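Side chains included, hydrogens not; waters and symmetry mates left out as well; all remaining heavy atoms used. This structure is a prediction, so every number in the text was calculated from the model and none was measured. Just follow the structure's listing: the first ligand is 1, and inside any ligand the first atom is 1.
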Amino acid sequence: MTKQHSAMLERFRRVKLLEQATPIQRLHRLEAELGDVLGGVRLFVKRDDLMGLGGGGNKLRKLEFLLGEALSRGCDTFITIGGLQSNHARLSAAASAHVGLDCELLLTQVVPRTDVEYQHNGNVLLCGIFGAKIHVLPDSADSLGFAHERAEVLKSEGRRPYVVGTGGSSPVGCLGYAACAQEIAEQEKSIEGGFAQIIVPNGSSGTHAGLAAGFAAMGMSPTKVCSYTVLESRKKAQKTTFQLAQATLALIDATASINSSDIEAADDQLGEGYGIPTRAMFSAVRTMARTEGLLLDPVYSGKAFAGVLAAVRKGTYNRGDAILFLMTGGSPGLFAYRSAFDGNIA
Ligand SMILES: Cc1ncc(COP(=O)(O)O)c(C=O)c1O
């Protein structure tokens, strides 16, 4: 990142939620397990699951800027939306508690799982423990509409609410991953040849968009980043990601630009839909756990890493390429999927 780019980010108020840069680690044991199939590719992970607050995960990077904006506006209540097992909701609750804001969550039943663990364990349990007020809405509900209605009620009581939509993926939230692009650019100086590809899960698209904007602002190619969508079709995810990347880039560098062809999202790991397990996900979660002792999650990183393993097996990458997978956290979600893992030996 150029000095100018750093200065652009410094214009935005940011609450420090990460202690330090998250480490990049090589997956030596997994590489050994893949053996010849690997074709000389080097596999690395960036540990964005390794953060001190609220169990960690990618949403904390967005929340640094979102809470910064909320505090600079003098807000006292953070309102956001998500699915019942939203990691964003959990980390919003934890980070709000950390900075002394109230937190209200409007959670919808988007995933067709009715078992008691999905309904009450994992992230939703933690949201309550972090002190958030939880409103559970039916799947068909317009949760963002409800969030704004709730904000009006709070305003009428003299409160000052701040509302952000799914996944914290507003352009301001995406600045967290534009800043992460700088962190990666620094760290990759010690990786021979740099990273050929950086792979991320794509839900509300902010992680991919923020990284793409961050690299574009540094004069590096945004095509360095690609994602596996776990929510939308490839076409829809690419469109949302592109629009968000443009809006984020506009906040930090009015002179740089990004094209729609710079954004590549694959949907071959989506399976039957958001939050619905696939055999490849179960296998990826178990492979990472058993070779490296690392936890992926069943909804986002498990599916995206299944994509990396499939790409390696297909020979998509070149010999010697260094591939970086962003571990985005979400392990509390595993506890919500106990019955799905139970007996599934894929
Ligand atoms: C663990 C985890 N990984 C990845 C993502 C996807 O990030 P984004 O919504 O920025 O696309 C999410 C989003 O909720 C998440 O919770």
Peer 1: Do Glu69 and Tyr162 get their side chains close enough for a donor-acceptor pair, meaning under 3.5 Å?
Peer 2: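 Distance-only check passes for Glu69 and Tyr162.
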Peer 1: Could you tell me whether some N/O pair between Tyr300 and ligand 1 is separated by less than 3.5 angstrom?
Peer 2: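 By distance alone, the answer is yes.
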Peer 1: Using side-chain hydrogen bond (donor to acceptor under 3.5 Å, both in side chains) as the criterion, point out the one residue from His208, Gln238, Arg234 that pairs with Ser227.
Peer 2: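 Looking at His208, Gln238, Arg234, the match for Ser227 under the side-chain hydrogen bond (donor to acceptor under 3.5 Å, both in side chains) is His208.
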Peer 1: Using distance alone, decide if ligand 1 has a nitrogen or oxygen within less than 3.5 Å of any nitrogen or oxygen in Gly330.
Peer 2: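 Checking ligand 1 against Gly330, no N or O pair falls under 3.5 Å apart.
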Peer 1: Specify side chain, backbone, both or neither for Ser204, according to which of its non-hydrogen atoms lie closer than 4.0 Å to ligand 1.
Peer 2: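 Near ligand 1, Ser204 shows its backbone as well as its side chain.
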Peer 1: Could you pull out, from Lys59, Met327, Arg61, the option with a heavy atom nearest to atom 8 (P) of ligand 1?
Peer 2: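 Selected option, by shortest heavy-atom distance: Lys59.
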Peer 1: Of all the non-hydrogen atoms in the protein, which one sits nearest to atom 10 (O) of ligand 1, and at what distance?
Peer 2: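 Here the closest protein heavy atom is Lys62 NZ, 2.5 Å.
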Peer 1: Using the rule that two of Ile, Leu, Val, Met, Phe, Trp, Tyr join whenever any of their side-chain heavy atoms come within less than 4.5 Å, decide whether Phe44 and Leu326 are in one cluster.
Peer 2: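 Linked, Phe44 and Leu326 end up in one cluster.
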Peer 1: May I ask you to decide whether Lys133 forms a salt bridge with Glu104, counting only side-chain N to carboxylate O separations under 4.0 Å?
Peer 2: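 Salt bridge flag = no for Glu104 with Lys133.
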Peer 1: Any idea which atoms of ligand 1 are less than 4.0 Å away from a heavy-atom of Gly206?
Peer 2: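 Listed by number with element: 8 (P), 10 (O), 11 (O).
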Peer 1: May I ask you to say whether Glu292 pairs ionically with Arg29, meaning some side-chain N is under 4.0 Å from a carboxylate O?
Peer 2: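 Salt bridge flag = no for Arg29 with Glu292.
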Peer 1: Please report which non-hydrogen protein atom sits nearest to atom 16 (O) of ligand 1, along with the residue it belongs to and the distance in Å to one decimal place.
Peer 2: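 For atom 16 (O) of ligand 1, the nearest protein heavy atom comes out as Asn87 ND2, 2.9 Å.
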Peer 1: Does ligand 1 have any atom that is closer than 4.0 Å to a heavy atom of Ser301?
Peer 2: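 Ser301: no contact with ligand 1 (<4.0 Å).
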Peer 1: Would you call Glu264 and Lys224 a salt bridge, taking side-chain N to carboxylate O under 4.0 Å as the test?
Peer 2: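 No, this pair does not count.
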Peer 1: Under a heavy-atom criterion of less than 4.0 Å, does Gly167 contact ligand 1?
Peer 2: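 The answer is no: ligand 1 sits nowhere under 4.0 Å from a heavy atom of Gly167.
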Peer 1: Looking at atom 3 (N) of ligand 1, what's its closest protein heavy atom, distance included?
Peer 2: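 Ranked first by proximity to atom 3 (N) of ligand 1 is Thr328 OG1, 2.6 Å.
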Peer 1: Checking Glu117 side chain against Gly122 main chain: does a donor-acceptor pair fall under 3.5 Å?
Peer 2: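 Looks like no, no N/O pair under 3.5 Å.
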Peer 1: Is there a polar contact between ligand 1 and Asp297, counting only N or O atoms under 3.5 Å apart?
Peer 2: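 No; every N/O pair is 3.5 Å or more apart.
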Peer 1: Look at ligand 1 and say whether Gly57 reaches it with a heavy atom at a distance under 4.0 Å.
Peer 2: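 Per 4.0 Å heavy-atom rule, Gly57 does not contact ligand 1.
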Peer 1: If we ignore angles and hydrogens, is there a donor and acceptor under 3.5 Å between the side chains of Thr241 and Asn202?
Peer 2: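 The criterion, which ignores hydrogens and geometry beyond distance, is satisfied for Asn202 and Thr241.
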Peer 1: Please confirm whether the ring centroid of Tyr337 lies under 6.0 Å from the ring centroid of Tyr118.
Peer 2: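 Between Tyr337 and Tyr118, the centre distance is under 6.0 Å.
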Peer 1: At under 4.0 Å between heavy atoms, is it the side chain or the backbone of Val299 that contacts ligand 1, or both, or neither?
Peer 2: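 Neither part.
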Peer 1: Before signing off on this row, confirm whether Gly203 and ligand 1 have an N or O atom pair separated by under 3.5 Å.
Peer 2: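 Gly203 vs ligand 1: N/O contact under 3.5 Å present.
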